[in-house]
Number of protein chains: 2
Amino acid sequence: MKGKATSFDIAHHAGVSQSTVSRALRNSPLVNEETRARIHAIAKELNYKVDKNASNLRSQQSGTIALLLFQDPTSDDSQINPFFLSMLGSITRACTQKGYDLLVSFQELEDDWHADYEDCHKADGIILLGYGDYTDYEEKLIQLESQGTHFVRWGAVKEGQPGISIGCDNFQGGFDVTQHLIQSGRKNIAFIGGASKHCPEFFDRYNGSCHAIEKAGLKVNAKLQIEAITTEQSGYAAALQLLALKQPFDAVFCASDLIAIGVVKALRERGMEIPTDIAVVGYDNIPLSEFIRPTLTTVQQDTKLAGEVLVETLLDRINEKQVETTMLPAKLIVRESCGGKN
Amino acid sequence: MKGKATSFDIAHHAGVSQSTVSRALRNSPLVNEETRARIHAIAKELNYKVDKNASNLRSQQSGTIALLLFQDPTSDDSQINPFFLSMLGSITRACTQKGYDLLVSFQELEDDWHADYEDCHKADGIILLGYGDYTDYEEKLIQLESQGTHFVRWGAVKEGQPGISIGCDNFQGGFDVTQHLIQSGRKNIAFIGGASKHCPEFFDRYNGSCHAIEKAGLKVNAKLQIEAITTEQSGYAAALQLLALKQPFDAVFCASDLIAIGVVKALRERGMEIPTDIAVVGYDNIPLSEFIRPTLTTVQQDTKLAGEVLVETLLDRINEKQVETTMLPAKLIVRESCGGKN
DNA sequence: ATCAATAATGACACCGGTATCATAATTTAT
DNA sequence: ATAAATTATGATACCGGTGTCATTATTGAT
């Protein structure tokens with residue numbers, strides 16, 4: 001036998017038409033039970049596999065989902081935010097469970113998204129994942145939407161956004177963190193992470209934090225907000241900036257765990273005790289947050305659930321079902337670094 | 001205009017045959033410069049994208065590589081070894097650079113590798129990635145090899161293995177770690193990580209370690225080798241096992257950074273100082289290894305290079321070039337946790 | 001016995017490109 | 001001027017399946 005077996009080979013072996021083979025292998029009820037079994041047996045024997053290109057071409061679907069992961073352009077090449085990797089894991093699993101394959105692509109935000117996976121029929125839909133500066137991102141989303149591309153976006157859930165978004169309640173998460181800090185006696189709470197509209201998730205977390213401060217009758221000190229992207233290095237640098245301000249602060253709420261890890265490192269190097277002198281809180285509950293010293297208080301986003309919801313929502317969208325933007329709950333995880341009671 | 005544009009639509013607009021359109025879009029030199037430009041312009045205007053299913057079907061290649069990531073079956077669902085995620089990142093980038101798409105699939109080792117991506121023409125080749133118990137793995141590799149599937153494996157590089165492997169020099173890495181520990185005055189070096197043939201990488205690291213011990217004129221204490229899989233939890237548990245033995249030891253060489261992090265946690269909880277009482281060394285140089293306290297001495301595997309080599313080797317194999325099993329160097333990174341001079 | 005309904009299968013167009021060969025137009029060589 | 005080579009394009013088979021309609025065999029109803 002030369003080359004791969006085709007459905008014609010099987011038809012020949014089984015003494016039936018190629019049509020029947022095709023139907024049998026898809027378990028069509030139109031095929032006689034016995035014939036189907038025979039065909040399956042022969043297919044197995046010949047190690048036959050349906051050619052997905054042919055099948056997809058004709059049926060106009062790919063059984064594949066594309067995941068576009070947007071990297072913060074400034075972030076190190078080899079470092080990817082563990083939170084997104086965790087999402088990637090859960091998305092992969094959710095896809096597998098639904099019988100879909102997953103095409104993964106890292107996009108640089110500046111890029112012209114060269115990979116129009118759905119347009120070229122390599123994927124039936126797209127999941128967009130990533131923090132970062134979304135300046136011309138929105139524009140692209142509008143274009144996708146107008147083209148009728150099936151996509152779902154992970155991120156901040158806001159009114160009037162193009163397309164469908166799934167995200168955790170960042171405002172609530174920021175609120176919970178800050179309220180907890182205040183209840184533990186902290187008065188001057190710094191925030192490290194981009195608090196501009198460009199990173200809507202961080203912005204929501206910051207706003208939630210401010211809301212908690214005001215609700216407690218305290219005043220927000222805008223100076224205590226330092227920009228940072230989500231890497232340890234950036235957190236480390238931001239913490240040094242914060243110290244240089246000479247403004248009093250007794251707690252730091254970091255927009256991500258990676259930032260928090262850098263902040264902890266910087267503060268300790270400057271001789272501060274955590275949480276005795278300064279409380280530090282992160283966000284994301286990455287696996288290592290409970291293995292650093294002190295263990296890190298953080299906010300958990302349920303990545304397993306998120307991945308499932310993303311995939312399910314996308315599949316619904318592909319199947320033209322009505323879907324809605326969804327907001328998942330965020331959950332405060334109190335550990336040592338905030339000094340609060342557990 | 002209803003539906004997506006096809007090459008016929010463009011041909012019609014441009015007043016040429018569909019053949020010419022197809023050639024022009026692939027930048028064939030057979031097409032007149034001017035005609036080609038015109039066709040490209042029209043294609044852009046109509047937002048035309050080549051249908052990959054059709055194209056791949058005819059040309060019998062997919063421009064896609066499949067990455068199968070083998071999960072340790074016992075490992076937690078949401079946790080993936082950062083080292084592999086780093087590999088995933090570099091592989092993704094290397095693929096992008098070569099113009100290939102990447103299909104990612106997490107396989108459970110028990111699974112019947114349902115996804116025969118190359119057989120069904122969804123991919124041109126396969127990259128296999130993962131630690132773990134390779135019992136019936138080898139058998140499957142032999143089958144892949146006999147089918148003529150194009151694949152490259154990451155892992156231990158050994159004689160007489162089926163197919164092509166790319167890996168770091170684990171023996172050397174283990175040797176370097178242990179030699180450094182001995183030179184720093186450590187005498188009783190424990191090893192945590194599976195040291196059986198089932199996990200060849202770990203086995204090589206252990207053997208390298210033993211070799212260094214013997215070369216220094218010391219004796220290997222087999223009792224100081226504890227099994228563990230590559231998670232913090234497993235490392236934590238293994239460290240407790242080690243302590244329970246009541247055997248003297250002054251250093252722990254962990255087969256991975258995740259294990260080391262668990263070990264550090266366990267030892268400190270029992271009141272030991274690191275590195276004063278016990279030196280700890282990990283393996284992989286995951287991003288967080290320099291952010292935990294104390295910073296972790298470890299062995300770096302150049303994931304960027306590894307990803308590039310994997311992809312390049314696979315592409316060479318797909319193109320029927322002669323390729324060879326490759327061993328990449330491992331590099332000791334001395335930090336605080338081993339107590340050695342930097 | 002005759003006809004309608006059902007079950008099982010075959011024949012064939014079709015998905016949207018690529019590969020190959022044929023053809024027409026233009027240039028170069030003799 | 002004519003043959004040969006080169007350049008640009010068209011026509012058509014083909015990749016390997018799926019979808020649709022036609023056909024035949026079987027069963028049940030009248």
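Every chain is numbered from 1, with letters handed out A, B, ... down the list of sequences.
- For the residue pair A:D316 and A:Q322, no side-chain donor N or O sits within less than 3.5 Å of a side-chain acceptor on the partner.
- A salt bridge links B:E145 with B:R317: the closest approach of a Lys/Arg side-chain nitrogen to an acidic carboxylate oxygen falls below 4.0 angstrom.
- Of the candidate nucleotides C:dG16, D:dG17, C:dT9, D:dG17 has the atom nearest to the side chain of A:Q18.
- Residues of residues 25-34 of chain A that place a heavy atom closer than 4.0 Å to DNA chain C, in numerical order, are A:L30, A:V31, A:N32.
- Of the two residues near DNA chain D, A:V50 and B:T20, the one whose nearest nucleotide lies more 5' is B:T20.
- At whole-Å resolution of the value, CZ in A:R36 and P in C:dT9 are 10 Å apart.
- Straight-line distance from the NZ atom of B:K52 to the C1' atom of D:dC15: 16 Å, rounded to whole Å.
- Residue-level contact check: A:S7 touches the backbone only, with heavy atoms under 4.0 Å from sugar-phosphate atoms and none from bases.
- Between A:L57 atom CG and D:dG19 atom C1' the separation is 13 Å, expressed in whole Å.
- Axis angle, first five pairs versus last five pairs of the helix from C:dA1-D:dT30 to C:dT30-D:dA1: 40°, rounded to 10°.
- With 3.5 Å as the limit, one finds a donor-acceptor pair spanning the side chains of B:D101 and A:Y117.
- The shortest side-chain heavy-atom distance between B:H150 and B:E320 falls under the 4.5 Å cut-off.
- Mapped onto DNA chain C by nearest heavy atom, A:R23 and B:S19 fall at different nucleotides, with A:R23 at the one closer to the 5' end.
- Looking at B:Q18 and B:S7, their side chains do bring a donor and an acceptor atom within 3.5 Å of each other.
- Partners of B:K44 according to the salt bridge (charged side-chain N to carboxylate O under 4.0 Å, His left out) rule, which considers only residues two or more places apart in sequence or in another chain, do not exist here.
- The NE2-P distance, from B:H12 to D:dG10, rounds to 13 Å in whole Å.
- At the phosphate of D:dG10, OP1 or OP2 sits under 4.0 Å from a side-chain N or O atom of B:S17.
- Among the heavy atoms of the strands lying under 4.0 Å from A:Q60 are primed sugar atoms or P, OP1, OP2 only; no base atom is included.
- When the options A:D51, A:T64, A:N53 are evaluated for a side chain to side chain donor-acceptor pair (under 3.5 Å) with B:K122, the one that passes is A:T64.
- Taking atom CG of residue B:D119 and atom P of nucleotide D:dG16, one finds them 14 Å apart after rounding to whole Å.
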(message) Assess the residue pair B:R93 and B:E308 against the criterion (salt bridge (Lys or Arg N to Asp or Glu O under 4.0 Å)); give the C-alpha distance rounded to whole Å, side-chain angles, the decisive distance to 0.1 Å, and a yes or no.
(response) CA-CA 8 Å; B:R93 247 177 277 271; B:E308 286 164 5; over 6 Å; no

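- Contact detail for A:S90 and A:G307: the closest heavy-atom pair is OG-CA, 3.3 Å.
- Within the structure, every side-chain polar atom (N or O) of B:S59 is placed at least 4.0 Å from both OP1 and OP2 of C:dA19.
- In this structure, B:K122 atom NZ and D:dG16 atom C1' are separated by 16 Å, rounded to whole Å.
- For the pair B:S55 and C:dG16, the criterion of a side-chain N or O lying under 4.0 Å from OP1 or OP2 is not met.
- A straight line from CZ of B:R38 to P of D:dA8 spans 14 Å, rounded to a whole angstrom.
- Between the CZ atom of B:R58 and the C1' atom of D:dA13 there is a distance of 8 Å, given to the nearest Å.
- Residues B:E139 and B:Q143 have side chains that never bring a donor and an acceptor to within less than 3.5 angstrom of each other.
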